[in-house]
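First up is the structure itself, then whatever we jot down about it.
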Amino acid sequence: MKGLIDDRLAELSRLYPVWEKKTIWEFFKTTADRCLEWEFIHDSSGENFTYAQARQQAEIVAKGLLAAGVKPGDHVAVQLENSPRQLLIALAVNAVRAVKVPVNISLASKELQFILNQSEANYLLTDSNIRLTEKVGCLTRIIALEGACCQADIPVISWEDFLAAGNGWSLPSDSGGAFADEVCDIIYTSGSTKAPKGVMLTHDMLMRSAFASCINRGFEPGRRIYIPLPLFHVYGYVEGMLAAILVGGAVLLRCGKFIAEPVLDFMRESRANDVLSVPVQMMALIRYLREQNTLKEQPKRILPDLHAVYCSASACPAWVWPGIRETLGVSDIITGYGMTEVCGASMQTAPQDSDHILESRVGRVLNGGCSGIPSLGWRQIEYRVVDAKTGKTLGKGETGELWCRGLVVTPGYFNRPEANQRVFTKDGWFKTGDCGYFDDAGYLVMVGRVDDMYKINGENVSPKFLEDVLGNCPEIFHVEVVGVADERHGHVGAAFIQLREDTEENRKKAEAYSREHLAKFQVPKYFIYLDNADWPRTSTGKVQKFRLIEMANQYSS
């Protein structure tokens, strides 16, 4: 049972009375010593591991890395599907003090070569089919797991040979936290704005971020977290794997596409307490449950162990929040705001917040407990809202660009000095590129990306505002708005819409709703209707706005 929130927070305080800097591997070993027989990985394939078993297997992999020549500070690219081995390899890379470079499994050959070159990867572990047509600067060898097919002009080692070579090797002794401030991950941004950059993150930053989420969400010991998100991005990695480690929790993994019926079956079978999701996934579950009329045929709690839902990473239509409560019978629902550059979520709503807050806000700056900064009220990070043109700090309720600094802010982008100079001020503030304002209660109201904003005849238009308004139209299932260059007006709006039922009548209703609820200059010039499969998305479900702009330009030409 999850227990009362005060009891759960008391247990977190007992486990972590003060913050001790440690590497991720050291945190894992501490938990494994305490929770030997607790389940750490539960996979739909039946390949499950307790903490004791996961530690043993991770050590075997770590010895293989040492035998392959991996040294502290080497860059190890990891291109794997979500699987138990991905978690074990992540821990092993940490154990030998190498730097993990998670790689998107869907990258084309040229994109993969770009990441491997730009990150100066020394090694690549993969279960994908890859073909490297050019020499990759620092890459010395590839470790191919089962199912991989690798064509490259460098040595390729099979997984069996890799593991066998580690026999007889010994892992280095504990460091006592001496290496907690070393960079342990270079995570590439998701590509929703074209050029990915490698964000450098340290052990201590990542674990502090995970701990703040545990506090806000009131993690109980042994929380079982279903992660239908790619673990090569920061969301599932920090809010799932690392947060679970802090409380002896279990990571629940399911192979295959996110399809509502088998997903619900897996969550029931694996006794999921919590699910990390993006809006498109929650929308799929809600739609399926409503179509199946589940509420009438089965008890309301179709997932009796589920008590928490985290839905974030992209704009969420207002109807989703009450839809989660209605179909899943869960009241502990949150969203959040963050980015790879701040180790994931730096703000979250509270589990007890209303649907109104979830619809209109993305959270407050997280309390880090003992991992925070006393002068910041035990928060790990501070934000200011700035006029991007003048650099002047704005007050509550005033919209501007969000700047931040603190314990969980990246030291910079790997090998990108020009980008670092552009996004960091001389006194250490990081320019997020996001626009918004804080209300009187400290909640952030997002307005959108600086680059997303456009002007029509000199009037500022926020795509986020238009999406929020149009998202309340009963006929609209999902909407995204972009600005398109226009000779006469400077820019005009293009609304990409997925209707609940695509009929001519519903299209007319959606466009009439736009004219009724928006100022005349805000009404999009173009209405472009898409099916669910037509949206250009990243691997985490974010809609790629730059591709929508390309589509809109083709539509308007």
Hey, is the main chain of [Y] close enough, under 3.5 Å, to the side chain of [X] for a donor-acceptor pair?
X	Y	result
Thr340	Thr189	no
Arg254	Lys257	yes
Thr31	Leu246	no
Asp439	Tyr443	yes
Ser277	Met282	no
Ser44	Cys255	yes
Asn122	Asp74	no
Asp434	Arg449	no
Thr349	Asp353	no
Asp43	Asn48	no

Pair [X] + [Y], salt bridge at N-O below 4.0 Å:
X	Y	result
Asp33	Lys29	no
Glu11	Arg14	yes
Lys63	Glu59	no
Arg325	Asp355	yes

Gap separating the CD1 atom of Ile105 from the CD atom of Gln79, nearest 0.5 angstrom: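 CD of Gln79 is found 7.5 Å from CD1 of Ile105.
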
Value rounded to 0.5 Å, distance of CZ in Arg85 from CG in Leu253: 13.5 Å

Any chance CD of Gln421 has more than 12 other-residue heavy atoms, nucleotides or ligands included, within less than 6.0 Å? no

Are there more than 12 heavy atoms of other residues, nucleotides or ligands under 6.0 Å from atom CZ of Phe258? yes

ring-ring contact (aromatic ring centres under 6.0 Å, His included) test vs Tyr51 passes for just one of Phe28, Trp38, Phe27, namely Phe28

Determine whether the aromatic ring centres of residues [Y] and [X] are separated by less than 6.0 angstrom.
X	Y	result
Phe424	Phe430	yes
Phe414	His75	yes
Phe266	Tyr226	yes
Phe232	Tyr237	no
Phe211	Tyr16	yes

Only counting residues at least two apart or in another chain, list the ones meeting ring pair (Phe, Tyr, Trp, His ring centres under 6.0 Å) with Trp169.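 With neighbours one apart ignored, the set is empty.
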
Scan residues 370-381 for pairs that pass side chain to side chain donor-acceptor pair (under 3.5 Å), counting only residues two or more places apart or in two chains. Ser371-Gln380

Verify whether one side chain among Thr425 and Asp427 offers a donor that lies under 3.5 Å from an acceptor in the other. yes

